[in-house]
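Worksheet: the structure to be examined is printed underneath.
What you see is a predicted model, and the numbers here were worked out from it, not measured in a lab. Naming: A, B, ... by sequence-line order, numbering from 1 per chain. Reckoned from all heavy atoms, side chains included, excluding hydrogens, waters and symmetry mates.
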Amino acid sequence: MIELVDVHKAFGANTVLTGVSLTLRKGRSMVIIGGSGTGKSVLLKCVLGLVQPDKGAISVDGTDVTNLRQGTPERDAFLARFGMLFQGSALFDSLPVWQNVAFRLLRGSLKKPRAEARDIAIEKLRRVGLSSDVADLFPAELSGGMQKRVGLARAIATEPEIIFFDEPTTGLDPIMAGVINDLIRGIASEMGSTAMTITHDMSSVRAIADEVAMLHDGMIQWTGPASEMDSCGDPCVAQFIAGSAEGPIKTVR
Amino acid sequence: MNVLAIIGRAVLAMLAAIGRVTLFAIDAVSHLGRPPYYPREFAQALVQIGYFSLPVVGLTTIFTGGALALQIYAGGARFSAEAVVPQIVAIGMVRELGPVLVGLMIAARVTSSIAAEIATMKVTEQIDALITLSTNPAKYLTLPRVLAATVVMPFLVGVGDIIGIMGGYLVGVERLGFNAGTYLRNTIDFLEPLDVVSSLTKAAAFGFLAALMGCYFGMRSGRGAQGVGRATKSAVVAASVLILAANFVLTELFFSA
């Protein structure tokens with residue numbers, strides 16, 4: 001279970017999060033929606049410890065992880081439970097595809113023999129619909145959709161308990177977006193992982209979410225099951241679903 | 001009052017920057033004693049920084065050695081001291097020009113490429129990705145590059161010193177009419193071990209600074225293409241200035257007595 005209590009974050013004068021409280025139960029898939037620049041990515045990065053919150057507490061399975069220091073065994077153990085798909089895939093362009101996927105298996109505490117790591121990488125690539133031919137290509141040789149899939153394969157390579165998806169369908173055509181949504185749904189339920197996705201793509205929300213949280217003005221405006229999203233009555237959510245310019249979310253920012 | 005405030009702010013900013021760089025360096029070097037290690041990245045950095053810099057080092061030093069011989073010959077002629085060409089070329093190349101010019105070329109070639117690479121990684125979230133994959137960027141990116149540059153620079157400068165002296169020799173023998181054997185003997189007899197030791201020590205220090213600046217500014221890069229450009233520029237400028245400053249300090253330490 002992931003729990004955020006009253007998390008604040010500002011970058012200089014720019015206040016991003018002003019008291020986010022959120023609970024995500026084990027094995028559930030939560031999607032956080034909100035306009036561009038509302039701090040969705042910052043929220044994910046706070047949980048991962050890539051960004052240090054100014055105030056508030058974040059705990060995973062009851063353990064406070066807000067102030068884990070980098071390089072400590074506790075932090076390594078914490079990170080080993082996570083997989084993350086980055087918005088731009090964030091593949092290492094100096095490494096071929098299979099070494100990207102098997103990155104964790106080639107070094108550190110989860111190190112495996114090279115041949116075995118490669119086999120696992122190829123199996124994960126197959127799971128996301130890529131043939132073994134791409135294993136030896138470099139990320140720059142792949143299309144955006146293929147890079148996303150490789151990023152997904154890397155995120156699931158060690159079968160993590162918790163997976164974060166940062167804008168998984170941004171920049172993809174609707175068909176590829178649908179494929180990625182199905183993969184995320186399929187993989188998360190297959191592995192029983194807890195998933196947290198941030199997106200502004202409503203088709204993603206409907207495909208992936210068990211639960212939805214609306215982030216606006218640095219706070220969670222509404223949270224509830226995806227099935228109740230359409231009838232929740234929250235003006236922010238209603239405006240977001242309708243894609244309307246009228247409502248509490250300002251279109252000029 | 002305003003002027004004082006401006007000076008004060010600048011001094012504070014500079015002190016803060018020195019502190020940040022020092023902490024960054026200490027953090028990177030401290031990983032020497034803490035596994036896991038990344039030998040593959042180290043080997044790659046050795047090849048990139050060492051082997052692939054050989055052509056530029058050779059070209060830089062051979063022309064410098066040649067020009068130096070011409071200058072000393074022409075300048076020496078003013079007080080009938082043309083004969084000192086081999087000695088001055090040797091001492092000039094080994095003590096000063098070899099390490100400094102190779103250092104500056106490494107700042108241009110290696111610092112810029114390290115800074116641009118790491119800054120791009122930062123901008124495209126690859127650094128964040130490294131962290132989420134339980135890999136410490138200081139250990140995986142900074143230490144191998146800094147260590148490789150520190151280790152390989154003495155070799156580069158050693159080669160550069162020799163090629164520079166060869167440049168002087170070629171000009172001396174082919175253009176200025178020196179006897180080949182005499183030229184070489186004068187060079188070898190005149191050089192002292194301290195000259196060579198100072199050259200290689202400087203080299204190691206310059207290599208360390210060049211790679212460190214590349215990593216430091218790369219890791220602190222701002223967003224977008226502009227951020228990468230700025231990081232690269234700052235890294236090269238800082239590395240060059242620090243190399244020249246360190247050269248002065250080391251020269252003072254080695255030869256002031």
Side-chain angles (χ1 to χ4, degrees), chain A residues 11 41-42 44-51 68-95 99-111 114 139-140 147 150-151 154-158 160 162-167, chain B residues 23-24 26-45 47-49 52 113-114 116-145 148 215 218-225 227-228:
Chain A
F11 296 96
S41 289
V42 174
L44 275 198
K45 288 182 178 179
C46 280
V47 179
L48 282 169
L50 296 172
V51 170
L68 281 184
R69 280 205 40 216
Q70 208 181 320
T72 56
E74 294 80 32
R75 175 138 172 87
D76 284 349
F78 165 74
L79 285 171
R81 301 171 61 190
F82 278 90
M84 167 122 184
L85 173 62
F86 284 86
Q87 190 173 348
S89 302
L91 300 175
F92 305 123
D93 35 33
S94 57
L95 299 176
Q99 289 187 26
N100 263 285
V101 175
F103 192 87
R104 254 196 184 141
L105 305 171
L106 289 169
R107 40 184 77 72
S109 56
L110 297 170
K111 190 169 174 168
R114 232 173 142 71
Q147 288 183 2
V150 174
R154 182 173 73 183
I156 62 168
T158 52
I162 305 161
I163 317 182
F164 284 178
F165 303 97
D166 187 353
E167 310 261 3
Chain B
L23 287 177
F24 184 83
I26 290 172
D27 178 46
V29 173
S30 73
H31 287 287
L32 264 178
R34 286 185 282 159
Y37 302 116
Y38 300 108
R40 203 175 278 268
E41 277 63 37
F42 178 64
Q44 255 168 19
V47 173
Q48 280 295 334
I49 299 171
F52 288 121
S113 97
I114 291 177
E117 183 186 3
I118 293 184
T120 307
M121 290 185 75
K122 164 107 188 201
V123 169
T124 56
E125 295 187 305
Q126 291 180 51
I127 304 280
D128 283 345
L130 268 183
I131 296 172
T132 64
L133 293 167
S134 313
T135 305
N136 189 326
K139 211 187 262 295
Y140 181 76
L141 295 173
T142 308
L143 180 64
R145 285 165 174 77
C215 296
M219 293 282 187
R220 289 175 53 84
S221 166
R223 290 175 178 204
V228 176

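Put simply, the side chain of A:Met84 does not reach to within 4.5 Å of the side chain of B:Asp128, judged on heavy atoms.
Between B:Ser134 and A:Ala80 the shortest heavy-atom distance is OG-N, 4.0 Å. Nearest approach of A:Arg154 to B:Ala129, heavy atoms of both residues: NH2-CB, 3.5 Å. Annotation for A:Gly88 and B:Glu125: closest pair N-OE1, 4.1 Å, computed over non-hydrogen atoms. Residue B:Ile131 comes nearest to A:Leu79 through the heavy atom pair O-CD1, 3.1 Å, listed as atom of the first residue, atom of the second, then distance.
Proximity to chain B is limited to the side chain of A:Asp166, based on heavy atoms less than 4.5 angstrom apart. Only the side chain of B:Tyr38 comes within contact range of chain A, with heavy atoms under 4.5 Å apart. A:Lys111 does not touch chain B: none of its heavy atoms, backbone or side chain, sits under 4.5 Å away. Heavy atoms of A:Phe92 lying under 4.5 Å from chain B belong to its backbone as well as its side chain. Contacts of A:Leu105 with chain B are absent, with no heavy-atom separation under 4.5 Å from either backbone or side chain.
The CD atom of B:Gln126 lies 7.0 Å from the OG atom of A:Ser94; values are rounded to the nearest 0.5 Å.
For CZ of B:Arg40, the number of neighbouring non-hydrogen atoms (other residues, nucleotides, ligands) closer than 6.0 Å is 12 at most.
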Side chain to side chain contact (heavy atoms under 4.5 Å, CB included) between B:Thr132 and A:Phe82, worked out:
CA-CA 7 Å; B:Thr132 64; A:Phe82 278 90; 5.9 Å; no
Derivation and outcome, side chain to side chain donor-acceptor pair (under 3.5 Å), residues A:Arg107 and B:Thr135
CA-CA 9 Å; A:Arg107 40 184 77 72; B:Thr135 305; 5.7 Å; no
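In terms of non-hydrogen atom pairs under 4.5 Å with chain A, the most contact-rich of B:Thr124, B:Ile127, B:Thr120, B:Leu133 is B:Leu133.
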